[in-house]
Amino acid sequence: MTRFAKLILCFLTLTAFTSANISFAADPWLLRALPSSVRLDPVNNEIIEHRFKGVPANALGKGNLLDKNWIYDGKQVALHGARGEYVSFQLVLTNASDAELTGIQLEMTPFKNGSTELNIQPELFLEWSVNVLSTSTGYPRATLGKGWYPDALIPFKFLQTDSAKVHGRWVYPFNLPDFNNRITNQKSQIVWVDQFIPLDVQKAKPGTYQSIITATIGNVKKQIPISLTVWDFELPNENAFKASLQHEGFLSRMDEKQELAVYQLFKRNRISLMDPTYDPEIQVKNGKVDIQWDKFDKRLKKYLTGAAFTEAQGYKDGPGYGEPLETFALPFDVYGKHGTAGWPDIGKPEVERKAANQAIYTSAIKQVRQHLLPMVDPKKTLLTVYLNGLDESYFPEAWSRMVFYGNLFKKEYPEAKFRVDGGYNKDAMDVIGKSVTDWASHTINYNIDTVQTYQQMGIKDWLYGPMLYEAKLNSWVGSSTFIDLPLVNDRAISWACWKYKTFSWISWGVGAGWERGWYDPESWKDFYKEASEADAEFTYRTFNGNGSVIYKPGMVPNVSEPCPSIRLKTMRDGVQEYEYLRLLAKIDGNSKRADALVDQLIKEPFGEKSIGNLDVWSYDQEQWHKVRMELGALISAGKK
């Protein structure tokens, strides 16, 4: 009897021990980290960037990036950056059980080096995913496929997770699965972490700073240490690169509070905005032009002087502090392809050059110039004349009008730049080349041998349009922003500008379809009955995220400000790295070392040779990291 009891006791003990081991081994939740340059499928924990099949040699032998990657060794995260720069990573909380995880709490301590603390707190964002139900038209090889894509970034200040602190207000339960995002079978919740490194060396001395990010669920806490090495150099406060997004009417139709939030969001991410529809009130009577400036000045003066980006307007701890808009599109327009009136309205092309009408237009130019000269520093703010009525106009009559207006603005408003957009061939450029100052060249027509001719003429060239060309039909749009294409595209465009000595880049669209963006990634959906021969295979167009890199406030309860996207952050990273290249070239007195580093990543994008060739730059995100680290090391060494 005793022996039997001992056997039972032994069995129970062994069972308890084994059960404990199983419970311990099968941890109900995991905390890991990813670089900011990849996206994670929240359902199957697959690295979305690894789906890319456009380059056959794209080796995926990196192991499981969730367990170990180039910034995370499985235990801690290591970041590196310069003063005046944002550095980022992603925290991944994975549910390894069948039960819902509720009451999740996350916090991150400020970075410290001994007793010295960075006076700017880390910014945490909850990643919101959108479900791509149909891939972007015309990209059967380049698309990363259907499924959930993390994209919108909701600042933690909108996540009211503690109901005890927000009586009578709506609470965002931080659970996994996310009750609000409604991702079926969600395994992971992803958090984006941004850290801005102060520009002032006294506030961010060179060295390595430490922080800890902590996740708490119930009585269980898990932590990941983070180190941040601050290099001994800084990016400029001013964003001289002027990378821009243009969207007609998007900003001018907003209320002023929302408008300010959008401009500040983009200033923070080093991307400029252009909206050419800020029309001052104008009256023309008996040939006399009277422009009323009160409303225009009340709304826009703070942006043109830089006051909008100061603490008095709620802007602090970010790049571009006190700096004006990098670019501003003047309100001028002409009647043209969109069937809308010009500004000032002097009629259709057949009457616009009559002497009386031209006197009106010239008077408006002179008055705008006279009013803006004391307010705008053209060395900081690039003033652009963009005539939307002549946008992408490919016929001789339009070219003649471009020449006429280009010459008129050169004479009457020499501080302003006259920009034409489109894929103009040599026939067109032979006509308009001496009358334009800026050309946003469609990427499909950006044949560098030809473009260099116009660079030598002094024309500032801008890259404009899609980044990849499976076929000619991809030139349908003037935007580089697609959710279901490789994320690196929005980073590579700035590096490609360096390679080709392009002045800058511009893309169409800021928030196209942004009301639907939270739930429907198809920002551009167009069905038509007849297709041209160039795209006869497709009698429809559907694009995911095209022309849209921010999310509208108010669509998710309590989220009262616009939210950035991961793609906007990726654009920002490319612009920051462009400044790295500029700093290295300045140290060297030439661009040879910077060019060599760019050549490691950028091959031959754009132009006719790129059609059908998707292997235009590296899709190996670890290689991008290594080149950036080498750049940082070279600049640091060069400054000593």
Side-chain angles (χ1 to χ4, degrees), residues 38-54 90 126-154 176-190 192 466-468 470-471 473-474 476-490 507-529 531 535 537-552 554-557 559 563-570 614:
V38 299
R39 293 168 292 183
L40 184 75
D41 187 317
V43 174
N44 59 24
N45 279 351
E46 178 185 9
I47 301 296
I48 294 173
E49 308 331 299
H50 286 178
R51 299 175 187 165
F52 186 60
K53 299 179 177 62
Q90 298 174 89
L126 178 67
E127 297 190 13
W128 177 282
S129 296
V130 292
N131 194 8
V132 171
L133 297 175
S134 58
T135 57
S136 292
T137 304
Y139 289 99
R141 285 196 299 142
T143 183
L144 303 178
K146 301 176 184 179
W148 290 94
Y149 286 74
D151 197 53
L153 302 176
I154 305 176
L176 180 55
D178 184 343
F179 172 80
N180 295 284
N181 205 172
R182 299 298 177 114
I183 303 171
T184 304
N185 299 320
Q186 182 181 5
K187 286 184 179 178
S188 290
Q189 186 68 276
I190 314 161
W192 183 279
M467 297 294 95
L468 298 179
E470 289 198 33
L473 61 87
N474 294 142
W476 266 338
V477 293
S479 176
S480 63
T481 54
F482 288 82
I483 290 174
D484 60 322
L485 296 188
L487 187 60
V488 70
N489 294 353
D490 290 315
S507 187
W508 177 82
V510 178
W514 70 325
E515 286 143 337
R516 303 190 314 272
W518 292 98
Y519 307 102
D520 180 3
E522 292 179 355
S523 56
W524 184 317
K525 200 165 188 174
D526 182 19
F527 289 86
Y528 55 97
K529 293 181 180 179
D535 50 343
E537 181 182 350
F538 300 98
T539 56
Y540 63 91
R541 295 184 283 187
T542 177
F543 303 129
N544 296 295
N546 187 259
S548 181
V549 294
I550 60 173
Y551 286 75
K552 184 177 181 180
M555 302 305 292
V556 174
V559 179
C563 292
S565 67
I566 291 175
R567 291 167 296 129
L568 176 60
K569 298 294 184 182
T570 304
L614 301 182

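Quick note: residue numbers are just sequence positions, from 1.
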Is it true that a side-chain atom of [X] and a backbone atom of [Y] form a donor plus acceptor pair closer than 3.5 Å?
X: Ser523; Y: Gly513; result: no
X: Ser548; Y: Trp514; result: no
X: Arg567; Y: Gly545; result: yes
X: Glu49; Y: Arg39; result: yes
X: Ser565; Y: Val549; result: yes
X: Glu46; Y: Ile48; result: no
X: Ser507; Y: Ser480; result: yes
X: Thr135; Y: Gly145; result: no
X: Arg541; Y: Gly138; result: no
X: Asn181; Y: Ser129; result: yes

Does [X] reach the side chain of [Y], with side-chain heavy atoms less than 4.5 Å apart?
X: Ile566; Y: Leu153; answer: yes
X: Leu614; Y: Phe52; answer: yes
X: Leu468; Y: Pro486; answer: yes
X: Val510; Y: Ile550; answer: yes
X: Thr481; Y: Asp490; answer: yes
X: Tyr551; Y: Val559; answer: no
X: Asn546; Y: Trp476; answer: no
X: Leu40; Y: Ser188; answer: yes

Check: Taking only residues two or more places apart in sequence or in another chain, which ones pass side-chain contact (heavy atoms from CB on, under 4.5 Å) with Asn474?
Finding: Tyr139, Tyr469, Glu470
Nearest-0.5 Å distance that lies between atom [atom1] in [X] and atom [atom2] in [Y]:
X: Leu126; Y: Trp192; atom1: CG; atom2: CH2; result: 13.5 Å
X: Ile183; Y: Asn131; atom1: CD1; atom2: CG; result: 8.5 Å
X: Arg182; Y: Trp148; atom1: CZ; atom2: CH2; result: 10.5 Å
X: Gln186; Y: Asn45; atom1: CD; atom2: CG; result: 10.0 Å
X: Leu176; Y: Lys187; atom1: CG; atom2: NZ; result: 11.5 Å
X: Lys53; Y: Thr143; atom1: NZ; atom2: OG1; result: 9.5 Å

Minimal non-hydrogen separation, [X] against [Y], with atom names:
X: Val130; Y: Gly517; answer: CG1-O, 3.3 Å
X: Val38; Y: Leu487; answer: N-CD2, 4.4 Å
X: Glu127; Y: Gln189; answer: O-OE1, 3.8 Å
X: Glu522; Y: Thr542; answer: CD-OG1, 3.2 Å

Checklist line | Mutual orientation of the aromatic rings belonging to Trp518 and Trp128 [parallel < 30°, tilted 30-60°, perpendicular > 60°] | finding: perpendicular
Notebook entry, point to check: Do the numbers put Arg516 on top of the ring of Tyr519, so that NZ or CZ is under 6.0 Å from the six-membered ring centre and no more than 45° off the axis?
Noted result: no
Notebook entry, point to check: How would you list, by chain and number, every residue that makes a side chain to side chain donor-acceptor pair (under 3.5 Å) with Ser136, sequence neighbours excluded?
Noted result: Asp484, Asn544
